[in-house]
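Just so you know, ligand 1 is whichever comes first in the structure, and atom 1 is the first atom listed for that ligand.
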Amino acid sequence: MLKGIAASQGIAVAKVYKLQQPVLEITRKDAVAEEELKKLDEAFAKTVSDIEKIKEVASKSLAPEELAVFDAHLMMAGDPELRSQIEDMIKNDSVNAEFATEQVANMMITIFESMEDAYMRERAADIKDVTFRLKCNLCGKVIPNLATIDEPVIIVAKDLTPSDTGSLNKEFAKGFATEIGGRTSHSAIMARSLEIPAVVGVTGILDAANDGDPVILDAINGEVILNPTEEQVAEYTKKGEEFKAEKEALKAMKDQPSVSTDGHKVLLVGNIGSPADVEGVNANGGEGVGLFRTEFLYMKSEDWPDEETQYQAYKSVLEGMNGRPVVIRTLDIGGDKKLKYHTFDEEMNPFLGVRAVRFCLIRKDIFRTQLRALLRASAFGHLCIMFPMIATVKEFQEAKGVYEEERAKLIAEGIAVGEKVEVGCMIEIPAAAVLADQLAKYADFFSIGTNDLIQYSMAADRMSQPVSYLYQPLNPSILRLIKMTIDGAHKNGKWCGMCGEMAGDELAAPVLLGLGLDEFSMSATSILRARKMINGLSYEEMKKMADKAVELDTMEEVTELVKASI
Ligand code: PEP
Ligand code: MG
C-alpha cells in the first residue's frame with residue numbers, strides 16, 4: 001500500500017495503465033537475416049495499424065487539418081526507402097532488426113535535421129516518432145496513448161499534464177495516481193472537474209506498479225493498494241458503492257438555495273475547464289460558474305484558438321447557465337501550463353515569471369482576441385470577466401484599459417455586447433490582498449485564488465510534495481489575507497468570491513461564511529456537500545468564530561475551533 005494525497009474523492013478498482021514512455025536498450029547482435037526480416041515485416045505491419053487506430057480515435061475530436069500529421073506518419077511507415085535501407089543492413093551485416101532500424105533511423109534523422117529547409121527539418125520529428133514506434137514494436141514494448149484506452153484502467157504516471165487529463169475518456173479512465181503533485185496541482189483540479197478519483201504525490205508508484213496489475217485507488221484516504229487480495233477488492237468495491245449512494249442522497253439539495261439558518265444567503269457555484277463541464281455544474285445544483293479556466297481551450301488547441309472558436313465556447317457556457325452568473329478568467333498560461341505551439345522563454349522560477357495577465361499584457365494581440373470573443377459572447381448571459389495574477393493596481397488598470405478599448409471597437413462596429421459585463425480581479429498574490437481596499441475601487445468584484453495565494457504567501461511551490469504541509473488554508477495568516485480582501489471589497493460595495501480549492505474545503509467553509517465571503521466556487525462535485533454544511537450553520541455564530549480564528553496562532557488551533565463550532 002502506498003500513501004499519497006487524496007486529490008479527487010472516490011474509490012476505484014481496476015487495472016494499472018502506466019503512462020510512461022518505454023525505455024529501449026538496443027544492442028548489436030548477430031542474427032539470422034531471414035528471421036529478422038520476418039520480425040521487421042510484422043513490426044512494420046503493426047506500426048501501420050497502430051497509427052491507423054490512433055488516427056481513427058483522434059478523428060472524433062480533431063479537425064481534418066490536425067489529422068494530417070497521422071497521414072504523414074502513415075506515409076513514412078510505408079516508405080520503401082526507409083524499409084529497404086533497414087532490410088539491406090540486416091542482410092549485409094547479419095544484425096538484429098532493432099539495431100538495423102536504430103542505425104538507419106539515426107542516420108536519416110541526422111540528414112533531415114541538417115537540412116536548410118525548415119519544412120524538411122521538421123520532418124525529422126516525424127521520422128523519430130515513426131521509427132520509435134517501429135523499434136518498440138520490434139522489442140515488444142507498448143507506447144502508451146490515453147486516447148486509445150478501451151478498457152477500465154487506473155492511470156499511473158509521474159504527473160499528468162493538463163492536456164493528458166484533457167484527453168482522458170471517463171468511460172475507461174476510472175482514476176489516476178501520480179508520483180508528483182499536490183491538492184492544488186492542475187492534474188488534481190482536472191480530476192475533480194472530471195469527477196474521477198485521483199491520488200497524487202504517491203512516491204514510488206511508478207516503480208512499484210506494473211502494467212495490468214490489479215489496483216485499488218482509495219481517493220478518500222489517499223491510498224493506493226497494488227495487487228489487492230480478493231477480500232480487499234470486495235471491501236473497497238462496497239465502500240465505492242456507499243460513496244456513490246451518499247452522493248446520490250445529497251442530490252435532494254440540488255434545487256435549494258444556499259442560506260444559513262439565520263437567513264444569510266451565499267452563492268455556491270462551480271469551477272469548470274471546458275464548456276462540457278457546465279452539465280456537471282447544473283447536475284450538482286451550481287448557482288452559476290465561478291471560474292472557467294480558459295487556458296484548457298488553448299492547451300487542447302493546435303494553434304492559438306481564433307476569436308470565433310473562443311466565442312462559440314464562451315457563448316455555450318453562458319447559454320448553458322441560463323442567465324446565472326458566469327465568471328470567465330482570461331488566459332492563465334505559463335507556470336506549469338505550457339502550449340504545444342508556443343515556446344516560453346526559459347525562466348528560473350516559471351511560477352514567479354511571465355504567467356497569466358503578465359503574459360497577456362506582453363502579448364496584447366492574444367489578449368485582445370480573447371477579450372473580443374468574451375465581449376461578443378457577453379450578449380448571451382450574465383458574464384463576469386476576471387484577470388488572473390494581478391499584483392498591482394496599475395496592472396489591473398492596464399488590463400481593464402485593453403478591455404475597454406475592445407468593447408468600444410465592437411460597439412463602433414455595430415456588434416452586440418452585453419450591457420452589464422462585470423470586470424473583476426483575482427486575488428492570488430499577497431500584494432493584491434494587502435491592497436484590496438484600493439483595488440476594489442476599480443474592480444467590480446474579487447475572486448480569491450487560494451491555490452496561488454497560499455503558495456505565494458507561504459513561498460511553497462504548489463507542485464512540491466515535500467513542502468505540501470505548508471498548504472495551510474486555515475493558517476491565521478491566510479485567513480487574515482482573506483479577511484482583508486473581503487473587507488476591502490465590501491467597503492467599496494463590491495462582492496467577493498473565492499475560486500481556489502479552499503472554497504470547497506468543508507472545514508474552511510464555516511470560517512469563510514463568517515468572514516463574509518459572498519460566493520464559493522468549487523468543483524461541481526463538492527457543491528451539494530457544501531450546501532448541506534452551510535444550510536446548517538448560523539451566520540452570526542460563524543462571524544464570532546471567524547473573529548476568534550484570525551487571532552489564533554496556528555492552523556491546528558483554527559481547525560480545533562472550527563470543529564468545536566459546527
Ligand atoms: C488559484 O490560484 O486558486 C486559482 C483558482 O487558479 P489556478 O488554480 O488555476 O492557478
Ligand atoms: Mg491561480
task: State the atoms of ligand 1, each with its element, that fall below the 4.0 Å cut-off from a heavy-atom position in R462.
output: 2 (O), 7 (P), 8 (O), 10 (O)

message: Is the terminal nitrogen or CZ of K315 (NZ for Lys, CZ for Arg) located under 6.0 angstrom from the six-membered ring centre of F380 and within 45° of that ring's axis?
response: yes

query: So, for F292 and P275, which heavy atoms are closest and what is the spacing to 0.1 Å?
result: CZ-CD, 4.0 Å

field: Per-atom contacts of ligand 1 with K337, taking only distances under 4.0 Å to non-hydrogen atoms
entry: 9 (O)

query: Non-hydrogen atoms of R355 versus ligand 1: any pair closer than 4.0 Å?
result: yes

query: Is the distance between the ring centroids of W495 and H490 under 6.0 Å?
result: no

query: Of the choices L453, N451, D452, which has the non-hydrogen atom that lies closest to atom 10 (O) of ligand 1?
result: D452

- line: ligand 1 to E428, heavy atom cutoff 4.0 Å, flagged ligand atoms 1 (C), 2 (O), 4 (C), 6 (O)

message: Checking a contact table here: which protein heavy atom is nearest atom 5 (C) of ligand 1, and how many Å away?
response: R293 NH2, 3.4 Å

- prompt: So, are R372 and E307 salt-bridged, with charged N and O less than 4.0 Å apart?
  reply: yes

message: Test side-chain contact (heavy atoms from CB on, under 4.5 Å) on I196 and K170; report intermediate values, then the result.
response: CA-CA 7 Å; I196 59 172; K170 261 176 71 174; 3.7 Å; yes

query: Of all the heavy atoms in E501, does at least one lie under 4.0 Å from an atom in ligand 1?
result: no

message: Which of the numbered atoms in ligand 1 are under 4.0 angstrom from any heavy atom belonging to C499?
response: 5 (C)

message: Tell me the protein heavy atom at minimum distance from atom 6 (O) of ligand 1, and give that distance in Å.
response: R329 NH1, 2.9 Å

message: Check whether N284 reaches the backbone of G286 with its side chain - one donor and one acceptor, N or O, closer than 3.5 Å.
response: no

message: Check for me whether the distance between the ring centres of F359 and F367 falls short of 6.0 Å.
response: no

task: For G449, take its heavy atoms, then give the atoms of ligand 1 lying under 4.0 Å from any of them.
output: 1 (C), 2 (O), 3 (O)

message: Looking at the Mg ion (ligand 2), is there an N, O or S atom belonging to D452 that lies under 2.8 Å away from it?
response: yes

Numbered atoms and elements of ligand 1 in range of L291, under 4.0 angstrom, heavy atoms: 5 (C)

message: So if I count the atoms of ligand 1 from 1 in the order they appear, which ones are less than 4.0 Å from some heavy atom of I189?
response: 8 (O)

message: Please give the atom name: the N, O or S atom of E428 nearest to the Mg ion (ligand 2).
response: OE1

- prompt: Distance-only, no hydrogens or angles: does the K254 side chain make a donor-acceptor pair with backbone N or O of G285 under 3.5 Å?
  reply: no

message: Treating D218 as the side-chain partner and E223 as the backbone partner, does any N or O pair qualify as donor plus acceptor under 3.5 Å?
response: no

